[in-house]
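One structure below.
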Amino acid sequence: MDEQKGLLYYMETLTQLSEFWVVNYYLCSMKKAPHGGVVRIYHPNIYLKHYPFQAWTFMCHEPENVPYFMENLLDKAISLYYDCADVDLEEMLQYCYNGDNWYVGYRLLHPKPEYVELNSKMSGTLLWSVLGEKKRITDFFDIEIKYAVYSLILCLIQEKAITISSLSEILCNEKLKEPYNKYGLTEITNVEFLRQGFRIENTYYQYNIFLDPTICSPMDTMPYTFRIITDEIEEMDLSLRCDNNLAVPFDKMFSTATLDAQKLVPSIVFRTIVSLGLSVSRSARRQPPVPADASCSYREPSPSESLPYV
């Protein structure tokens, strides 16, 4: 007797694809805070298992524009869908949209011609009514199989159908840009830092999964770490971890970065600080001459002198 290749079989097979692992890793590395909230790292492995991915962030602007980094997985997933003759489309759509991901359905489903006017009178909320009254989605809406499968992929990743178990799992799957040193770092001579990744020539790389992407102001264009580096260091030897799993052509980059108030941070010009106990090479920093009477010894500040948390 042939094995039933229904929805459960389809999802299990889909999540075992190597392409699914790569897409899941890419999305973990995007590290978009919910609603532009605060990103803080207290335990580096938070991004391995616990960082939330929200499918609705992919639907805000051009919902039917599938990101380039997902195209290989989507092609294989569509082919697999047609191989699984027992998958029920209605069951799959209910799984995808009957819950927190209703907005994905709102953006990708198209009312059947006879329900276009009703959906318009309901200000586009026909799907809410269908889901609330436990009716069949396919009786009221049409959707291309491509976007139904795309919805399922986003849903499975959001629900953590797979998790990255350890650092060694990442190391085993990395495809590092050559040449690289014994630490897996590639020397970079011309780089443009952006909010969720960086550009080298015509290639866009996501930042490493462990890098804190917090910005220092709502309209900043790069993480605070790289803002300090670019503003304070004139000449530097810079090496970065460039994983080709996280690389796409620059004109295919996809970002969920928004105008965010992630932290209340005072403006600090590091080159004007002359009395803190910092170990920095003067040859690499833009610093004014240190006054002859300036003390460079460190002391604990009094409560009135304490700096705000940054």
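- By the rule that hydrophobic residues join a cluster once side-chain heavy atoms approach within less than 4.5 Å of another member, Met11 and Leu80 end up as members of one cluster.
- In this structure, Leu171 is a member of the same hydrophobic cluster as Tyr26, with clusters built from ILVMFWY side-chain heavy atoms closer than 4.5 Å.
- Comment: Lys112 does not engage Glu114 in a salt bridge, judged by the lack of any side-chain N to carboxylate O separation of less than 4.0 angstrom.
- Leu194 places none of its side-chain heavy atoms less than 4.5 Å from the side chain of Ser255.
- Between the CD1 atom in Ile170 and the CH2 atom in Trp21 there is a gap of 6.0 Å [rounded to 0.5 Å].
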Requested in this report: Run the numbers on Asp243 and Tyr205 for side-chain contact (heavy atoms from CB on, under 4.5 Å), then give the verdict.
Outcome: CA-CA 7 Å; Asp243 185 353; Tyr205 291 88; 5.8 Å; no

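- A side-chain donor from one of Ser166 and Ser168 sits under 3.5 Å from a side-chain acceptor of the other.
- To the nearest 0.5 Å, the span separating OG1 on Thr15 from CD1 on Ile153 amounts to 11.0 Å.
- Heavy atoms from other residues, nucleotides or ligands lying under 6.0 Å from CG of Asp142 number more than 12.
- Closest non-hydrogen pair, Ser239 versus Leu185, comes out as CB-CB, 3.8 Å.
- For Asp139, the CG atom counts as densely surrounded, since its 6.0 Å shell holds more than 12 non-hydrogen atoms of other residues, nucleotides or ligands.
- The two residues Pro111 and Asn119 make their nearest non-hydrogen contact at CG-ND2, 3.6 Å.
- Across Tyr147 and Tyr97, no two heavy atoms sit closer than the pair O-OH, 4.2 Å.
- A distance of 9.0 Å separates NZ of Lys160 from CG of Asn24, quoted to the nearest 0.5 Å.
- The six-membered or imidazole ring of Phe226 lies near that of Tyr207, with a centre-to-centre distance under 6.0 Å.
- A donor-acceptor pair under 3.5 Å is absent between the side-chain atoms of Gln196 and the main chain of Gln206, judged by distance alone.
- Heavy-atom contacts from other residues, nucleotides or ligands closer than 6.0 Å to CG of Asn181 number more than 12.
- Counting only distance, with no hydrogens or angles, the side chain of Ser120 and the backbone of Val116 share no donor-acceptor pair below 3.5 Å.
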Report task. Start with the C-alpha distance between Glu12 and Gln16, add both sets of side-chain angles, then the distance that settles side-chain hydrogen bond (donor to acceptor under 3.5 Å, both in side chains), and finish with yes or no. Result -> CA-CA 7 Å; Glu12 290 178 346; Gln16 291 172 10; 5.7 Å; no

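- Under the 4.5 Å side-chain heavy-atom criterion for ILVMFWY residues, a single connected hydrophobic cluster contains both Ile78 and Tyr95.
- One distance of note links NZ of Lys135 with CZ of Phe140; it measures 4.5 Å at 0.5 Å rounding.
- Between Val22 and Glu19 the shortest side-chain heavy-atom distance does not fall below 4.5 Å.
- If you check the side chains of Glu174 and Tyr180, you find no donor sitting under 3.5 Å from an acceptor.
- For Gln158 (side chain) and Ala55 (main-chain N/O), a donor-acceptor pair under 3.5 Å exists by modelled atom type.
- Between Glu178 and Thr186 there is no side-chain heavy-atom pair separated by less than 4.5 Å.
- Note that the CH2 atom of Trp102 and the CH2 atom of Trp128 stand 4.5 Å from one another [nearest 0.5 Å].
- Counting all heavy atoms, side chain and backbone alike, Arg107 lies closest to Pro63 at NH2-CD, 3.4 Å.
- The 12-atom threshold is not exceeded at OH of Tyr106, counting heavy atoms of other residues, nucleotides or ligands nearer than 6.0 Å.
- The CE atom of Met59 sits 10.0 Å away from the CG atom of Asn65 when rounded to the nearest 0.5 Å.
- Cluster membership check: Leu131 shares its hydrophobic cluster with Leu89, using side-chain heavy-atom separations under 4.5 Å among Ile, Leu, Val, Met, Phe, Trp and Tyr.
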Requested in this report: Just do the side-chain contact (heavy atoms from CB on, under 4.5 Å) check on Val104 and Tyr150 with the steps written out, would you?
Outcome: CA-CA 10 Å; Val104 178; Tyr150 178 44; over 6 Å; no

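- Shortest non-hydrogen contact noted between Ile164 and Cys28 is CD1-SG, 4.4 Å.
- Listed here is the closest heavy atom pair of Phe20 and Leu14: CB-O, 3.5 Å.
- In terms of hydrophobic clustering, with Ile, Leu, Val, Met, Phe, Trp and Tyr side chains grouped at heavy-atom distances under 4.5 Å, Ile188 and Met222 are assigned to a common cluster.
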